[in-house]
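Report on the structure given below.
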2 protein chains.
Amino acid sequence: MSEASDPQTTGLRERKKARTRQLIQEHGLRLFREQGYEATTVQQIIDAAEVSESTFFRYFPTKAEVVLVDDFDPILVSSFLAQPPGLTAIQALRASFRDTFGALSDDETAAMKERNELVVTVPELRAAMLDQLSSTMQVLGEAVAQRTGRPPNDPAVRTLVGAVVGVAVAVELVLFDDPTADLVALLDEAMGQLEAGLRL
Amino acid sequence: MSEASDPQTTGLRERKKARTRQLIQEHGLRLFREQGYEATTVQQIIDAAEVSESTFFRYFPTKAEVVLVDDFDPILVSSFLAQPPGLTAIQALRASFRDTFGALSDDETAAMKERNELVVTVPELRAAMLDQLSSTMQVLGEAVAQRTGRPPNDPAVRTLVGAVVGVAVAVELVLFDDPTADLVALLDEAMGQLEAGLRL
DNA sequence: CTTCATCTGAAGGTAACCACCATTTCGCCG
DNA sequence: CGGCGAAATGGTGGTTACCTTCAGATGAAG
C-alpha cells in the first residue's frame with residue numbers, strides 16, 4: 001500500500017514532527033502573550049511543551065523564530081494578480097485584501113487576530129514583525145510593478161506600497177485600543193479612504 | 001584625549017558627557033553596519049570607543065539603545081501645528097516634512113542618511129526601528145487630530161498617519177538600492193502622490 | 001531484524017547585563 | 001589657587017539565558 005505520488009501518505013513520523021512543532025509554537029506564543037517575550041525563557045517553553053532543549057532548537061533555530069509564522073503574502077499576491085484589469089492598483093489591492101481575509105474560516109480569523117494582538121501588544125514582538133513587513137513591501141511592490149507594467153523600483157510603485165502597508169499596520173494597531181475590532185472591515189474602509197486622497 | 005580645553009562654556013562636564021555618548025554611538029553604528037548587529041559585541045564597541053564596559057552600560061542601558069537616536073518627532077509636530085490653517089492635513093504634513101528636513105545642515109543630513117542607510121541595510125536594526133515608528137504614529141496622530149478637531153482615535157486619522165509613515169518608510173528603503181538618493185525630494189514627491197490618491 | 005531518523009540529557013561556550021568598589025576628573029568655594 | 005565634595009569612569013567578578021555539540025536511547029520504516 002504505497003501511494004508513492006501522494007504526499008499525503010505522510011507517515012507517522014511526519015505527523016509527529018508537525019505536531020511537535022505546533023506544540024512548541026503554541027506554548028511559546030501563549031507564554032509570550034502572558035509574560036512578554038523577553039521575560040519568557042526557552043526553558044519555560046520546553047517545560048510547557050514537554051520537549052528537550054535540543055529539540056526546541058532543532059525546530060526553531062532561534063527563539064524569535066517561534067513568532068515568525070509565514071503569512072499571507074503569496075495568497076495576497078496571487079489574488080492581486082488575478083483581479084480584473086479594469087481596476088486601479090489600489091482598487092485591486094483593496095479587493096484582494098477583502099478576498100483573502102474575508103475567505104478565512106472562523107478558526108483562521110481567530111488565530112490571526114490572536115497573533116496580531118500579541119504582536120501589537122508586546123513591544124519585543126513588534127520588532128520581529130518589521131522584517132516581515134519590509135519583505136511584504138518588497139513582494140507587493142513586485143506584484144504592483146508587474147500589473148502596472150512599471151519597473152519594480154519605480155518611486156510611484158514604492159510610494160503606493162508604502163502607503164498601503166502603512167495603512168495596514170495602522171489598522172492592526174487598532175487592536176491596541178479595541179481588541180474586538182473587525183479588522184477586515186476597517187482595512188477595507190481605510191483603503192477606500194486612501195484611494196480618495198486622504199482628504200481631511 | 002587631548003582636546004584644546006575650552007573654558008566652561010555650558011559646563012565642561014556636560015560637553016564631555018555628550019561627546020562620550022556620541023563617541024560610543026558612532027562606533028557602535030559603524031560596527032553594526034560593517035558586521036551586523038548581532039555579530040557585533042559590546043566589547044568591540046568599547047574597544048573602538050575606548051571606554052569601559054561600565055561606562056557603556058551607563059550611557060546605554062541596553063545594546064539596542066545605541067540605535068535609538070531620539071528623532072525629529074517633536075520638531076515635526078511643532079512645525080506641523082504651525083502650518084497655515086488653509087492647508088489640508090496632508091498638505092500641512094508635506095510642508096512640515098519639507099521644512100524640517102530641508103533646514104538641516106549638511107552634517108545633520110549626512111548623519112541622518114548614514115543612520116537611515118544602516119537601519120535599512122541591517123535586518124536586525126530594522127527591528128529596533130519599529131517601536132519608534134509606532135510611537136511616531138501615535139504622536140503624529142495626536143497632532144493631526146488636534147489640527148482637524150477630530151478625536152485622536154478617529155479611524156480616518158489613523159489611516160492618514162499610517163499611510164504617511166508607511167510612505168516615509170518606503171522612501172527610506174530606497175537607500176537600499178540607491179545610497180545617494182535625495183530623501184527630502186523623494187519624500188516630498190511621494191507625499192504629493194499620496195494627496196492625489198495614488199492613481200496608478 | 002536492521003537501519004536510520006529523531007529525541008534526549010548533559011555539559012559547555014558566549015555575550016549581555018549587573019553590583020560593587022577603587023580611581024580619576026571636574027565644579028566650586030573658601 | 002588649592003583642596004573638597006560630587007560625579008563620571010574603570011575594573012572585577014558574577015549571573016543569566018541563548019545556543020551548540022555530542023554520545024546514546026528510542027522508536028519508526030523496510
Side-chain angles (χ1 to χ4, degrees), chain A residues 1-4 6-25 27-29 31-32 35-68 122-125 127-128, chain B residues 1-25 27-29 31-32 34-68 122-125 127-128:
Chain A
M1 26 208 325
S2 57
E3 282 86 352
D6 196 345
Q8 212 248 342
T9 29
T10 43
L12 182 64
R13 227 165 214 172
E14 305 295 315
R15 266 185 290 153
K16 266 193 146 176
K17 238 171 108 174
R19 175 151 169 60
T20 303
R21 182 184 175 80
Q22 188 195 348
L23 205 74
I24 294 176
Q25 200 165 52
H27 285 281
L29 292 179
L31 289 169
F32 291 163
Q35 326 177 337
Y37 176 77
E38 302 266 317
T40 300
T41 73
V42 317
Q43 187 61 46
Q44 292 176 310
I45 303 178
I46 72 180
D47 283 351
E50 293 180 314
V51 295
S52 77
E53 199 180 349
S54 330
T55 302
F56 176 92
F57 281 108
R58 177 135 20 77
Y59 279 99
F60 299 95
T62 161
K63 180 181 159 191
E65 296 269 333
V66 175
V67 194
L68 290 188
V122 180
E124 297 94 335
L125 287 194
Chain B
M1 18 165 104
S2 52
E3 218 73 358
S5 23
D6 247 346
Q8 57 220 124
T9 340
T10 28
L12 182 92
R13 214 155 222 174
E14 305 292 318
R15 302 185 57 209
K16 259 198 147 180
K17 243 171 104 174
R19 175 153 168 60
T20 302
R21 181 183 176 84
Q22 188 194 347
L23 206 73
I24 294 176
Q25 200 163 53
H27 282 105
L29 293 179
L31 288 169
F32 291 164
E34 290 171 4
Q35 325 176 341
Y37 176 76
E38 303 266 320
T40 300
T41 72
V42 318
Q43 186 61 46
Q44 293 176 311
I45 302 178
I46 71 181
D47 285 351
E50 292 181 315
V51 295
S52 75
E53 194 183 342
S54 325
T55 301
F56 176 92
F57 281 109
R58 215 168 277 123
Y59 278 98
F60 300 94
T62 160
K63 179 181 159 191
E65 296 268 334
V66 174
V67 194
L68 292 187
V122 181
E124 297 95 329
L125 286 195

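Everything quoted here is computed from the prediction, not taken from an experiment. Each chain gets a letter, A, B and so on, in the order the sequences are listed, and its residues count up from 1.
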Is there a donor-acceptor contact under 3.5 Å from the side chain of Glu65(A) to the main chain of Phe60(A)?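 Such a contact is absent between Glu65(A) side chain and Phe60(A) backbone.
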
Strictly distance-based, threshold 3.5 Å: is any side-chain N or O of Tyr37(A) a donor or acceptor partner for the main-chain N or O of Ala64(A)?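 A pair under 3.5 Å: yes.
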
Expected output is a numbered-order residue list: members of residues 56-63 of chain B with a heavy atom under 4.0 Å from any atom of DNA chain D. What is it?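 Of all residues in residues 56-63 of chain B, the ones placing a heavy atom under 4.0 Å from DNA chain D are Arg58(B), Tyr59(B).
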
Taking DNA chain D as the partner, which of residues 42-49 of chain B come within under 4.0 angstrom of it by heavy atom?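 Those residues whose heavy atoms fall under 4.0 Å from DNA chain D, taken from residues 42-49 of chain B, amount to none.
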
Taking only residues two or more places apart in sequence, or in another chain, which ones meet [X] in a side-chain contact (heavy atoms from CB on, under 4.5 Å)?
X	result
Gln22(A)	Glu26(A)
Phe57(B)	Val42(B), Glu53(B)
Glu50(A)	none

In whole angstroms, how far is the [atom2] atom of [N] from the [atom1] atom of [X]?
X	N	atom1	atom2	value
Ile24(A)	dC19(D)	CD1	P	14 Å
Arg15(A)	dT6(C)	CZ	C1'	16 Å
Arg21(B)	dA8(D)	CZ	P	13 Å
Glu14(A)	dA5(C)	CD	P	12 Å
Lys17(A)	dA28(D)	NZ	P	15 Å
Glu38(A)	dT16(D)	CD	P	16 Å

Closest heavy-atom pair and its distance - [X], [Y]:
X	Y	value
Val67(A)	Leu29(A)	CA-CD2, 4.3 Å
Ile45(B)	Ile24(B)	CG2-O, 3.9 Å
Ala49(B)	His27(B)	CA-ND1, 3.7 Å

Can you sort out the partners of [X] under side chain to side chain donor-acceptor pair (under 3.5 Å), two or more places apart, ordered by chain and number?
X	result
Gln43(A)	Asp47(A)
Gln35(B)	Thr40(B)
Thr55(A)	Ser52(A)

Using the salt bridge (Lys or Arg N to Asp or Glu O under 4.0 Å) criterion, which residues pair with Glu34(B)? Sequence neighbours excluded.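 By the salt bridge (Lys or Arg N to Asp or Glu O under 4.0 Å) rule, Glu34(B) matches Arg30(B).
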
Please write out each protein N/O paired with an N/O of nucleotides 9-11 of chain C under 3.5 Å, distance rounded to 0.1 Å.
{"residue": "dG9(C)", "atom": "N7", "partner": "Ser54(A)", "partner atom": "OG", "Å": "3.2"}
{"residue": "dG9(C)", "atom": "O6", "partner": "Ser54(A)", "partner atom": "OG", "Å": "2.6"}

Phosphate OP1/OP2 of dT8(C) contacted by Thr55(A) side-chain N/O (<4.0 Å):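 It does, given that an N or O in the side chain of Thr55(A) lies less than 4.0 Å from OP1 or OP2 of dT8(C).
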
Side-chain contact, heavy-atom cut-off 4.5 Å: Val66(B) with Tyr59(B)?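 Sidechains of Tyr59(B) and Val66(B): no contact.
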
N/O to N/O distances under 3.5 Å, protein versus nucleotides 22-26 of chain C:
{"residue": "dT25(C)", "atom": "O2", "partner": "Arg13(B)", "partner atom": "NH2", "Å": "3.0"}
{"residue": "dC26(C)", "atom": "OP1", "partner": "Lys16(B)", "partner atom": "NZ", "Å": "2.6"}
{"residue": "dC26(C)", "atom": "O2", "partner": "Arg13(B)", "partner atom": "NH2", "Å": "3.3"}

